[in-house]
Amino acid sequence: MKILVIGGGMGGTILVNNVARSLKDDVKSGKVQLTMLSASDKHMYQPGLLYVAVGKMTPDEMYRDQASLLEPGIQFHVDPVETFMLDQNQVKTKSGKVHSYDILVIATGSRMWPDSIPGLKENAEFFYTEETAVKLFHRLREFQGGKIVIAMGVPHKCPMAPLEIIFMLDDFFKERGIRDKVQLHYTYPIGRVHTLENVAKWAQPEMDKRGITYETLFNLKSVDGEKRMLHSEEGTEINYDMLISIPAHKGMEVIETNKLGQNGWIPTDRFNLNMEGRSNVYVLGDTTNIPISKAGSTAHFEAETVGANIVAMVKFGVPVRKYDGKVFCFIQAGSEKATYAMFNYNQPPDPKAPTRAIHWFKLAYNKLYWISARGLL
Amino acid sequence: MAEKKIIDARGSFCPGPLMELIAGIKMVEIGDEIEVLSTDKGSAAEIPQWLKKVGHEHLGSHEEAGVWHVNLKRTK
Ligand SMILES: Cc1cc2nc3c(=O)[nH]c(=O)nc-3n(C[C@H](O)[C@H](O)[C@H](O)COP(=O)(O)OP(=O)(O)OC[C@H]3O[C@@H](n4cnc5c(N)ncnc54)[C@H](O)[C@@H]3O)c2cc1C
């Protein structure tokens, strides 16, 4: 049996390691062939980008060699897929190699899409790639005062990032001793400061306490770089000195060009996690069209479900588990306390009061991530 | 006019039905209709308010077995 995993990020890596461990003997005997194709020989800890943007982490600290995270027996190639031939159970890579499969897993992630709004790419700072995070850090270091506006598009990966960056900026300018010269202005697409109601209930007074101003129901329509003015779908305007944006996201270009899903989001069964109409193609992580958070924890729990089902397919010929929509997110509440939200399709989140212990666990997770990616946590 | 697009946001707490709609409305043409399915009562009120503010047309909402169906048309 040939199992082919496309994408060596959070979801793909956990999945392939779980399957390799569960089917160790089958992989060893050659009964099962496990192959991973990725676009990079490096694995990035993406939350690190937030820390890079404020100079608390160097870019190098975000990376590990992908090969070092993989269980023995997994064949790993840095050779991105360019063509999906799903009717033939094959993919073709950049190098021209054709890989056949019995089961395919697509976990190619998502990317920011600054071109989605006129004027955004030319006039905003970003931090969702290494290059943009480093550039933002330099701009923040040189900033002498004025109005910084945060604006976002939807969908975007990591729903906590808007709150995290605004509170980190508050700390950053306090440390630089120029907080009184900087106005931090936060905008959000819906009628409260965060989509999770309980998080919004905590975050809004926290913003008031820190002197962060905010405007809700603000969806960017265009950016006028000359006048330094933002225009919203709702008909309002905001002026800025520096604009920091988390733009709307798309799936990878290869998903779009192969017509697997509009904007790169693959239609995916929310319980079985197979691509709609394709029982031997599984999809996980950011690139699904499931209406839940695009987050590492989502990719993690989906990978556990798909992994268990692939093992069951090999052993029993049928899948055994359904994904219940589970998501877990840490919520940093100021610089010393944190809490978390856990929810699924049926159970709304009910975050408990923030504690120091959870804050320390969150910090530890920055390192534990690498154990998690190996599927051991 | 294209077939009505269904945005199935049942069970979505984060990002939630309104955010799903804000993302999804850009994926249809002006004049196209959308039906949002939501299990969150709040969004049944929140979505029409947003449509009014932005200027899209709310065609009506109803509840069926715990699922809210919000119908709308992209007008701009
Ligand atoms: C600033 C920031 C902060 C974040 N903070 C958090 C957080 O605190 N908590 C949390 O849970 N999540 C967080 N996330 C989100 C999290 O990183 C992603 O949701 C998660 O990595 C998604 O996993 P994935 O496997 O779907 O995709 P990714 O991890 O992005 O991996 C995609 C993989 O696909 C590969 N690939 C791409 N194209 C091809 C191709 N054509 N062929 C083969 N391979 C390909 C890439 O090289 C990559 O290895 C954050 C993200 C950012 C940017």
Side-chain angles (χ1 to χ4, degrees), chain A residues 113 116-117 152-160 188-192 194-200 216-221 232-236 248-250 261-263 265 267 270-271 289-295 297-298 323-325 327-329 341-350, chain B residues 1-58 61 65-70 72-76:
Chain A
W113 181 25
S116 53
I117 301 289
M152 62 220 73
V154 279
H156 58 254
K157 64 179 150 186
C158 192
M160 289 303 158
Y188 204 70
I190 65 168
R192 50 180 180 264
H194 194 265
T195 183
L196 291 174
E197 213 166 332
N198 287 330
V199 173
T216 56
L217 280 175
F218 187 91
N219 286 282
L220 256 189
K221 189 176 174 191
S232 77
E233 295 281 355
E234 290 77 9
T236 50
H249 276 53
K250 272 187 167 191
Q262 196 182 358
N263 284 8
W265 310 126
R270 58 166 68 194
F271 300 112
N289 74 337
I290 304 175
I292 54 176
S293 315
K294 296 200 182 295
S297 76
T298 308
Y323 177 58
D324 64 359
V327 180
F328 174 99
C329 282
M342 195 151 73
F343 49 98
N344 60 31
Y345 294 139
N346 299 313
Q347 210 63 46
D350 180 22
Chain B
M1 197 181 74
E3 212 177 296
K4 178 156 76 174
K5 181 184 168 83
I6 307 285
I7 296 182
D8 186 352
R10 286 175 295 170
S12 179
F13 296 107
C14 181
L18 177 53
M19 296 273 258
E20 288 293 325
L21 171 62
I22 293 170
I25 204 163
K26 294 190 186 130
M27 289 161 76
V28 303
E29 303 292 329
I30 292 168
D32 285 355
E33 291 184 13
I34 295 180
E35 179 167 353
V36 184
L37 308 183
S38 165
T39 40
D40 164 43
K41 195 177 167 191
S43 59
E46 207 178 43
I47 292 175
Q49 278 165 15
W50 182 75
L51 293 172
K52 198 169 163 210
K53 190 150 193 195
V54 175
H56 298 298
E57 193 178 341
H58 178 214
S61 307
V67 178
W68 279 263
H69 299 244
V70 184
L72 60 116
K73 186 194 258 186
R74 178 174 179 180
T75 54
K76 50 191 253 194

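In what follows, every chain begins at residue 1, and chains take the letters A, B, ... in the order their sequences are listed. Keep in mind it's a predicted model, so treat the numbers as computed, not measured.
- Comparing B/K26, B/M27, B/K76, B/E46 by heavy-atom pairs within less than 4.5 Å of chain A, the highest count is held by B/M27.
- Using a 4.5 Å cut-off between heavy atoms, A/P159 touches chain B through its side chain atoms alone.
- Of residues 48-56 of chain B, those residues lying under 4.5 Å from chain A by any heavy-atom pair are B/W50, B/K53, B/V54.
- Within the 4.5 angstrom heavy-atom criterion, only side-chain atoms of A/N219, from C-beta onward, approach chain B.
- Counting heavy-atom pairs under 4.5 Å between each of B/C14, B/P17, B/G11 and chain A puts B/C14 at the top.
- Of all heavy-atom pairs spanning A/I190 and A/T216, the tightest one is O-CB, 3.2 Å.
- No more than 12 heavy-atom neighbours from other residues, nucleotides or ligands sit within 6.0 angstrom of CD on A/E197.
- Ranked by non-hydrogen atom pairs under 4.5 Å with chain B, the options A/I290, A/V327, A/N344 are led by A/N344.
- Contact tally against chain B (heavy-atom pairs below 4.5 Å) for A/A295, A/P291, A/P349, A/S293: the top residue is A/P291.
- Judged by distance alone, the side chain of A/S232 and the main-chain N or O of A/F218 form no donor-acceptor pair under 3.5 Å.
- Judged by distance alone, with hydrogens and angles left aside, the side-chain atoms of A/Y188 form a donor-acceptor pair with the main-chain N or O of A/T195 at under 3.5 Å.
- For the pair B/S43 (side chain) and B/I47 (backbone), a donor-acceptor distance under 3.5 Å is absent.
- B/D40 places a side-chain N or O within 3.5 Å of a backbone atom of B/G42 that can act as its donor or acceptor partner.
- With a 4.5 Å cut-off on non-hydrogen atoms, A/Q347 touches chain B through its backbone but not through its side chain.
- There is no contact between A/N289 and chain B, counting heavy-atom distances below 4.5 Å.
- Contact detail for A/W113 and A/S116: the closest heavy-atom pair is O-OG, 2.7 Å.
- The 12-atom threshold is not exceeded at NZ of A/K221, counting heavy atoms of other residues, nucleotides or ligands nearer than 6.0 Å.
- B/R10 CZ to A/N346 CG: the interatomic distance, rounded to the nearest 0.5 Å, is 11.0 Å.
- The minimum heavy-atom distance linking B/V70 with B/A44 is given by the pair CG2-CA, 4.5 Å.
- Looking at B/D8, the atoms closer than 4.5 Å to chain A (heavy atoms on both sides) sit in the backbone and in the side chain alike.
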